[in-house]
Amino acid sequence: MKVRYIKLEQVEGPLIVLQDVKEAAYDEIVEIEVPGRGMRMGKVVEISGDKVIIQVFEGTSGISLDKVSVSFTGSPMRIPLSKEILGRIFNGIAKPIDGAGEIYSEKTYDINGRPINPVARLYPRNFIRTGISAIDGLITLIRGQKLPIFSGDGLPHNELAAQIVRQAGISGEESKNFAVVFAAMGIKHDEADFFVRSFEEAGVMDRVVMFLNLADDPVVERIITPRCALTAAEYLAFERGMHVLVIMTDMTSYCDALREISSAREEVPSRKGYPGYMYSDLATLYERAGIIKNSGGSITQIPILTMPNDDITHPIPDLTGYITEGQIVLSRSLYQLGIYPPIDVLPSLSRLMKDGIGAGYTREDHPDLANQIFAAYSRVQEVRALAQVIGEEELSETDKCYMEFGRRFERIFLSQKFDENRSIEKTLDIMWDLLKVLPRSEITRIDPALVNKYLGK
Amino acid sequence: MQEGKIIYINGPVVRASGMRGFTMREMVMVGEKKLIGEVIALNKDVATIQVYEETSGVRVGEPVIGTGKPLTVKLGPGIIGNIFDGIERPLSRIYKEGSAFIPPGIGLISLDEEKRWDVEILAKEGDYLNEGDVFAEVAETSMIVHKVMVPPGIKGRVISVKSSGNYTINEVLAVLEDEGKTFELRMCQEWPVREPRPVKKRMAIEKLLVTGQRVIDTFFPLAKGGTAAIPGGFGTGKTITQHQLAKWSDADIIVYIGCGERGNEMTEVLEDFPKLEDPRTGKPLMDRTVLIANTSNMPVAAREASIYTGITIAEYFRDMGYNVALMADSTSRWAEALREIAGRLEEMPAEEGYPAYLASRLAQFYERAGYFENLNGSEGSITIIGAVSPAGGDFSEPVTQATKRVVGAFLALDRELAHARHFPAINWLLSYSGYVKMLGDWYAQNVADDFLSLRAKMLSLLREENKLMDIVKLVGEDVLPDDQRLVLEIARVLKMAYLQQNAYHKEDSFVPLERQYKMLKVIEKLYDRATSAIKKGIPLAKVKNEALFNDIIMMKYNLNFDDLSSKIDEYFDKLESMYKEGAQYES
Ligand SMILES: Nc1ncnc2c1ncn2[C@@H]1O[C@H](COP(=O)(O)OP(=O)(O)OP(=O)(O)O)[C@@H](O)[C@H]1O
Ligand SMILES: [Mg+2]
């Protein structure tokens, strides 16, 4: 029989402290019964002799020192998984909230996962076509990659993520094998509704699994949500051989929850009050992307985060960028110019694109061409800065060409409609068209043979 | 064996009581799962232990068992070509034995003890062997002959010895006797990772570590036995640079430590290196490489240890007389591991939460690099190249600063350059190498007498360009006189033709030194001829011939240096004679 403890020593922030506990295990899940307010869950975060500190997922409000009953489950948090999870909606700690009943499964899974042995990984090399020129052409997404969207409040990151899911997921014969896992952390109801609607419109709702912790749900629960989602994704990818796209939004809320717990535990903070272990903690999420040999499946992650003050050096985007395999950066100034998707390609990067593009993957000219466009657009920034000072009229002839290149790049290449799905050939052809406004001598990054082939002698 | 009981658990930090007889830094087995840990503090009968595996599920009251020895690695054949975790457990074996994920409680395993190696015994009965002496050899891989050495601190006369043949690493190959005591010699030995292996003496640094990377070899050279840091924000190219060095540098052995970085980056090495050919021997690169992997999601205490495991392996091969290059990507993650453990111990934090001993630990680590005369008289070296990942890309943070104080070369990666896709994004104004002078003779003997003066000339061109650009940014280029505009043009050629080097381009990924020299000479010729043409009053528009300049920018792909050199002469000869005639005509 389970031992119950009915007296707390201390309640503080999201933590409760119990004394005289005989047999607690580090990281194990506890159930906390609060009379009149139902069951809550927590986990053991520190044991010191017979004193145990527990972090309560749903928060501690309404808990009193005497009228509660705590019991230890003996294991870290596990969730039952089966193929039945497809099409279902769960709350942030994996309880069904769509009224369609519990998930029954013989097997339960530890939500913390385990590190993938690098020897077991397969290096990701397959290109995912998103139909979005800026991404396919310059920040190519690779199956098994973790590629976050760095956004800001009010920027259209949700639209972009939805467009990627819609256009990347359902193409080709592999569509049967495709699933989406969606983890919401602290986002608003209308944002969650937007995703549900767009999954429905795309006709993929029966291949989506949703874990929702919304803005008014308990903050601490957010620590658990992405772990449940990734455990589901690992199950689908590595046991069921599916190609899983995981959307996690908003990682900023996740990190803020981490900070809240850390400060309640009075830990030594690192930058901006976030805990020193935030890098390792985020890595235990992001590193769950990838491909495992012989499993047939893959996990591609698109985490979304809103950069506080649009500051890319803030610890949340900074630590994320240090772990993920590139980033798609959205720009407020492009957005204000009415450009969708407002992707700032210069700070954006796909580290894995090198192996997934070129002859045999996209097209032979792709790597050099992308390089050239990056170099030219970065030159555009310098020329624009100069034009600000001396006026566009005073620019040299070559610099004027760059001004024109910049305009076309943003209006013709970058801009596309929310439902516009471009082929890779189309994207690459637009890129060549852009180069036509520059003098030939400016084309220094492309093999001359390719230039002759695509631009004529 | 001694046994204590767990009384406290907080992530990787565990405390146990009943630990009176344990020693500081002793390796212990924690809990029922026998997780590997290390004693990091002793206070009366309570020991604080850092645990190298996930402590999830561990309970108070579970046992802690001593091993009687500090954290050690096993050194012997089977290291090269392999991949280990932070405490030398072989990841390929762990994969073969179980799942794709790394479970806790694997226990202490390291080198393959079953495998039989072809051993050539060199010592004879009656020989007197000193510490470090080589008494047998094993062809470990196609590139590496493993020299089996007498461990440090041991010497004596050979009283029995096996004949050459097939043995496992634990079999006794020879027995030494010294003052009545005997020692058994095996193919493997053990060494505590936190203690540097002894050498006879340190020697001067005077050889270039050739990397085939133009901006490094020419401008900010690394030296065999030297140290270097590569700091840079995310995505600026630390890992690619480290991979390039691991692939192409002319070290005999590469120890690559993935310290708190991405799993896929280790996988990439595992997939690519066996297929890549060493440019000098034609053998697969994996045959000289050992990987230590503690990816960012693996336990953080093992991250702290991984650096020491790596450097100890490097020292062992140095002792054999090899030049070893060690890459650590990223030392910042190691420092953060220190910080995390210090935080859980509730130590007083110094700057940004890092413990006060951060700088001294970093210095101790880099001190293990050097060019040495080994105990056995051979010469060997360790070069350490550490990546640094400053928070927010800001070099004023503690790890970058503490590292900068102890390394000889500093390759500063620049976010602006990376965004403009100028790779390698090594900022030529912020970077430096303290080895240039020490390598003067080496360059003169192995490349060319004028190499360093050529280098100096090009560097000052870049500095001048930087000054001029400050003006250009304010008023545009047109106001500058032609000779200054020429500086901008030549600097642009130097950047695009020379400094930029595409790691992914077959022809450009690795460039031998003599080719670097040729390229630089072509640029110099262009610079000189163009300068003198401008001096003669020929306008820049004529001097800057698009086709010629473009040919030079593309020379890295076309490799037509000799042609180009005469093409430059032809062009300027013609140009100057036209103008001379014109001038005569006018007068
Ligand atoms: N020499 C090079 N040639 C071509 N591309 C390069 C080169 N160096 C860097 N890059 C580009 O820069 C990207 C980022 O490089 P890298 O992964 O080495 O960054 P990093 O500094 O290690 O970042 P992090 O700190 O996040 O690990 C690469 O994916 C590649 O696209
Ligand atoms: Mg890196």
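Worth knowing before you read on, the calculation uses all heavy atoms, side chains too, and leaves out hydrogens, waters and symmetry mates. Below, read A as the first sequence line, B as the second, and so on, with proteins coming before strands; counting in each chain starts at 1.
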- request: Go through the steps for A:Ile292 and B:Phe101 under the test side chain to side chain contact (heavy atoms under 4.5 Å, CB included), then give the verdict.
  value: CA-CA 10 Å; A:Ile292 288 181; B:Phe101 299 90; 3.6 Å; yes

Contacting moiety of [X], where chain A heavy atoms sit under 4.5 Å:
| X | answer |
| --- | --- |
| B:Asn10 | both |
| B:Tyr504 | side chain |
| B:Pro390 | both |
| B:Glu416 | neither |
| B:Asp272 | side chain |
| B:Ile6 | neither |
| B:Arg339 | side chain |
| B:Glu268 | both |
| B:Leu91 | both |
| B:Lys238 | side chain |

query: Are B:Arg492 and A:Glu442 within salt-bridge range, i.e. N to O under 4.0 Å?
result: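 Salt bridge: yes.
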
field: N-O pairing of A:Arg125 and B:Glu271 below 4.0 Å
entry: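 Yes, this pair counts.
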
Please round to the nearest 0.5 Å and tell me the distance separating atom [atom1] of [X] and atom [atom2] of [Y].
| X | Y | atom1 | atom2 | result |
| --- | --- | --- | --- | --- |
| A:Asp27 | B:Glu54 | CG | CD | 7.0 Å |
| B:Asn558 | A:Asp447 | CG | CG | 8.0 Å |
| B:Ser296 | A:Tyr322 | OG | OH | 13.5 Å |
| A:Asn117 | B:Ile102 | CG | CD1 | 4.5 Å |
| B:Asn297 | A:Tyr279 | CG | OH | 9.5 Å |

Quick one: of [options], who has the most non-hydrogen atom pairs under 4.5 Å with chain B?
| options | answer |
| --- | --- |
| A:Lys22, A:Arg288, A:Gln327 | A:Gln327 |
| A:Gly321, A:Gly276, A:Ser378 | A:Gly321 |
| A:Val345, A:Asp50, A:Val389, A:Ile116 | A:Ile116 |
| A:Ala375, A:Ala24, A:Pro269 | A:Ala24 |
| A:Gln381, A:Arg271, A:Glu46, A:Glu23 | A:Glu46 |

task: State whether the side chain of B:Arg262 and the backbone N or O of A:Thr324 hold a donor-acceptor pair below 3.5 Å, judged by distance alone.
output: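 Flag set: sc B:Arg262 to bb A:Thr324 pair under 3.5 Å.
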
message: Main chain of A:Pro118, side chain of B:Thr267: is a donor-acceptor contact present, judged purely on distance under 3.5 Å?
response: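 Yes; at least one donor-acceptor contact below 3.5 Å.
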
Side chain to side chain, [X] and [Y], heavy atoms closer than 4.5 Å:
| X | Y | value |
| --- | --- | --- |
| B:Glu477 | A:Ser396 | no |
| A:Phe374 | B:His419 | no |
| A:Arg114 | B:Pro104 | yes |
| A:Glu28 | B:Ser56 | no |
| A:Ser270 | B:Glu352 | no |
| B:Ile83 | A:Val119 | yes |

So for [X], is it side chain, backbone, both, or neither that comes closer than 4.5 Å to the heavy atoms of chain B?
| X | answer |
| --- | --- |
| A:Pro317 | backbone |
| A:Pro76 | side chain |
| A:Tyr286 | neither |
| A:Glu394 | backbone |
| A:Ile446 | backbone |

Any idea which of [options] has the most non-hydrogen atom pairs under 4.5 angstrom with chain A?
| options | value |
| --- | --- |
| B:Arg415, B:Glu265, B:Met266, B:Glu546 | B:Glu546 |
| B:Ser92, B:Gly353, B:Ser389 | B:Ser389 |
| B:Asp85, B:Asn264, B:Val13 | B:Asn264 |
| B:Lys96, B:Arg344, B:His505, B:Arg333 | B:Arg333 |
| B:Gly258, B:Gly233, B:Gly343 | B:Gly233 |
| B:Gly11, B:Pro349, B:Gly260 | B:Gly11 |

field: Test side chain to side chain contact (heavy atoms under 4.5 Å, CB included) applied to A:Asn371 and B:Asn502, step by step
entry: CA-CA 10 Å; A:Asn371 243 328; B:Asn502 188 344; 4.0 Å; yes

Inspect the surroundings of [atom1] in [X] and state if more than 12 heavy atoms from other residues, nucleotides or ligands are less than 6.0 Å away.
| X | atom1 | answer |
| --- | --- | --- |
| A:Lys51 | NZ | no |
| A:Asn309 | CG | no |
| B:Glu97 | CD | yes |

message: Under the criterion side chain to side chain contact (heavy atoms under 4.5 Å, CB included), I'd like the reasoning laid out for B:Phe549 against A:Ser441: C-alpha separation, chi angles, the key distance, then a yes or no.
response: CA-CA 9 Å; B:Phe549 274 56; A:Ser441 59; over 6 Å; no

- prompt: Do B:Arg59 and A:Tyr26 get their side chains close enough for a donor-acceptor pair, meaning under 3.5 Å?
  reply: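 Absent: no donor and acceptor within the cut-off.
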
Can you name the nearest heavy-atom pair linking [X] to [Y], along with the distance?
| X | Y | answer |
| --- | --- | --- |
| A:Ile390 | B:Leu474 | CG2-O, 3.9 Å |
| A:Leu386 | B:Lys473 | CD1-O, 3.9 Å |
| A:Thr444 | B:Ile553 | CB-CG2, 4.0 Å |
| A:Glu287 | B:Gly263 | OE1-N, 3.0 Å |
| A:Gly49 | B:Val60 | O-CG2, 3.8 Å |
| A:Leu346 | B:Arg421 | O-NH1, 2.6 Å |

message: Before you tell me yes or no, could you show the steps for B:Phe234 and A:Asp318 under side chain to side chain contact (heavy atoms under 4.5 Å, CB included), namely the whole-Å CA-CA distance, both residues' side-chain angles and the distance that decides it to 0.1 Å?
response: CA-CA 7 Å; B:Phe234 63 79; A:Asp318 192 49; 3.6 Å; yes

